Amino acid sequence: MTITPTTLTRAAGAAAVAAGLIFIGVQIGHPHLDATSITTTEVVVRNSLKVLMAVLVLAGITGMYLSQVRRNGVLGLIGYLVLGVGFLTIMCTTFVAAYVLPSIAETNPGYVNDVTAVATGGSATGDIGALQIANQVQGIGYLVGGLIFGIALYRARVLARWASALLAVGGVVSAALAVMPDAFYRLLAFPTGIALIGLGYSLWRMTRTDNTTRSAVRQARRAGVAAGS
């Protein structure tokens, strides 16, 4: 298979759609996190999928930015970088939740409970070290980056504007849900997840439309050459 910019862009669109579906899916029926549940197979699988989701998001938003880099301007670059840092940090903290915390849950349950409490919008009773800062960075990146990048995409008028707007306002909705109980906290993934699905499909469809247009232009040129010969 020949790797072309169109192929990479379509792959980025598909990655964004998959990320949105995973982002929403892993939150449905999510058990309460603590030192006991963090060791279960279900939670390990959910956290592993979250790591994959973050990787797919990074690929997806990269494709979105590069596909319209001139239209995005400086605002788009800032939004892309901030949102990218947010999801890169989410990938790292979720990796810790999936593969590090279960191994120490039995010997240090207090620390694990503090980490899971902070991760779900609560507060720690003890010191969780650098994970406290990482949680703050991912929160700022997720909320502020989504807002700025969503506005830039909306202004660019290339991808679905409703999805761009949802990505932007999703941060505001998430901020409100973050102070609510855990069951409501899980809903914060829905606005961004739906936005990623819409933007990813729009990006994938845009490349298909461009290919059709280019093919029609080439055929018209060939017909013109044939008519003039």
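Nothing here was measured: the structure is a model prediction, and the numbers come from that model.
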Q) Can you tell me if CD on Gln136 sees more than 12 non-hydrogen neighbours from other groups inside 6.0 Å? A) yes

**Q.** CZ/Arg161: more than 12 non-hydrogen atoms of other groups inside 6.0 Å
**A.**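 Yes, because the 6.0 Å sphere around CZ of Arg161 holds more than 12 heavy atoms from other groups.
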
Is the closest side-chain heavy-atom distance between [X] and [Y] below 4.5 Å?
{"X": "Leu203", "Y": "Ser67", "result": "yes"}
{"X": "Ile194", "Y": "Trp162", "result": "yes"}
{"X": "Leu131", "Y": "Asn135", "result": "no"}
{"X": "Thr93", "Y": "Gln138", "result": "yes"}
{"X": "Val43", "Y": "Leu33", "result": "yes"}

Q | Asp114: side chain to side chain donor-acceptor pair (under 3.5 Å) partners, not counting sequence neighbours | A | Thr125

Q.
Taking side chain to side chain donor-acceptor pair (under 3.5 Å) as the definition, give me every residue that meets it alongside Thr4, ordered by chain and number, with sequence neighbours left out.
A.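 By the side chain to side chain donor-acceptor pair (under 3.5 Å) rule, Thr4 matches Thr7.
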
Q) Should the ring pair Phe87 and Phe23 be called parallel, tilted or perpendicular, given that the plane angle runs from 0 to 90° and is split at 30 and 60? A) perpendicular

Q: Spell out, as yes or no, whether a donor-acceptor pair under 3.5 Å connects the side chain of Thr9 to the backbone of Pro5.
A: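 Present.
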
Q.
By the side-chain hydrogen bond (donor to acceptor under 3.5 Å, both in side chains) test, which pairs, at least two apart or in different chains, include something from residues 34-43?
A. Asp34-Ser37, Glu42-Arg46

(Q) Applying a strict under-4.5 Å side-chain criterion to I, L, V, M, F, W and Y, I'd like to know whether Leu66 and Leu58 cluster together. (A)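 They do share one cluster, since a chain of ILVMFWY contacts under 4.5 Å joins Leu66 to Leu58.
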
Q) Hey, are Ser48 and Tyr99 close enough side-chain-wise for a donor-acceptor pair under 3.5 Å? A)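 There is such a pair (donor and acceptor under 3.5 Å, judged by atom type) between the side chains of Tyr99 and Ser48.
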
